[in-house]
Amino acid sequence: VIDLGKTETISKVSLGIVNAEASWIHPPKSVSVFVSSYGSDFMLAKELSADEILSLGRVLVIPFEARSARYVKVIARNSGTIADGKPGAGSPAWVFVDEIAVE
């Protein structure tokens, strides 16, 4: 959860992800962005599916209808167990996310 310090009008969240299957790091299976004015009543602003994430590459730019909010919650869901034939098969995948920007 990111506290912007005051209510702002926002319409986009960007974040970097890592895809390094040799190190068991896989893209998230989904990414959701929620917004709230008070930090307790979060509403979904936008969700990306696995296919959308793969099409965007390393930097996910998630635009949505402009909203007033003070708090932004970003949830990147782990892809789960690594598939057979890939490094680390049968083990849980890692999700690495960095540089979250709110605009």
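From a predicted model like this one, the values you see are computed outputs, not experimental measurements.
Ile10 places a side-chain heavy atom less than 4.5 Å from the side chain of Val35. Val13 is listed as a side-chain neighbour of Ile100, based on a closest heavy-atom distance under 4.5 Å. Val1 is listed as a side-chain neighbour of Phe42, based on a closest heavy-atom distance under 4.5 Å. Here the side chains of Glu47 and Ser30 are in contact, with some heavy-atom distance below 4.5 Å.
For Asn78 (side chain) and Ala93 (main-chain N/O), a donor-acceptor pair under 3.5 Å exists by modelled atom type.
For residues 23-36, no residue pair satisfies the salt bridge (charged side-chain N to carboxylate O under 4.0 Å, His left out) rule, not counting sequence neighbours.
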Less than 3.5 Å apart, which donor and acceptor atoms pair up between the side chains of residues 53-74 and the rest of the protein, not counting sequence neighbours?
residue	atom	partner	partner atom	Å
Ser55	OG	Glu52	O	2.8
Arg58	NH1	Ile17	O	3.0
Arg70	NE	Asp3	OD1	2.8
Arg70	NH2	Asp3	OD1	3.4
Arg70	NH2	Asp3	OD2	3.1

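Taking CE of Met43 as the start and OG of Ser37 as the end, the distance is 10.0 Å to the nearest 0.5 Å.
In this structure, Val102 is a member of the same hydrophobic cluster as Val97, with clusters built from ILVMFWY side-chain heavy atoms closer than 4.5 Å.
With sequence neighbours excluded, the residues satisfying side-chain contact (heavy atoms from CB on, under 4.5 Å) with Trp24 are Ile82, Pro87, Ser91, Trp94. With sequence neighbours excluded, the residues satisfying salt bridge (Lys or Arg N to Asp or Glu O under 4.0 Å) with Lys86 are Glu21. Shown here are the salt bridge (Lys or Arg N to Asp or Glu O under 4.0 Å) partners of Glu103, two or more places apart in sequence or in another chain: Lys12. Every residue two or more places apart in sequence or in another chain was checked for a side-chain hydrogen bond (donor to acceptor under 3.5 Å, both in side chains) with Ser79, and none qualifies.
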Verdict with supporting geometry, Ile75 and Val31, side chain to side chain contact (heavy atoms under 4.5 Å, CB included) | CA-CA 6 Å; Ile75 299 176; Val31 175; over 6 Å; no

Side chain to side chain contact (heavy atoms under 4.5 Å, CB included) between Phe34 and Ser32, worked out = CA-CA 7 Å; Phe34 298 87; Ser32 301; 3.5 Å; yes

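More than 12 heavy atoms of other residues, nucleotides or ligands sit less than 6.0 Å from atom CG of Asp41.
Contact record, Ser36 with Gly39: OG-N, 2.8 Å, taken as the closest heavy-atom pair.
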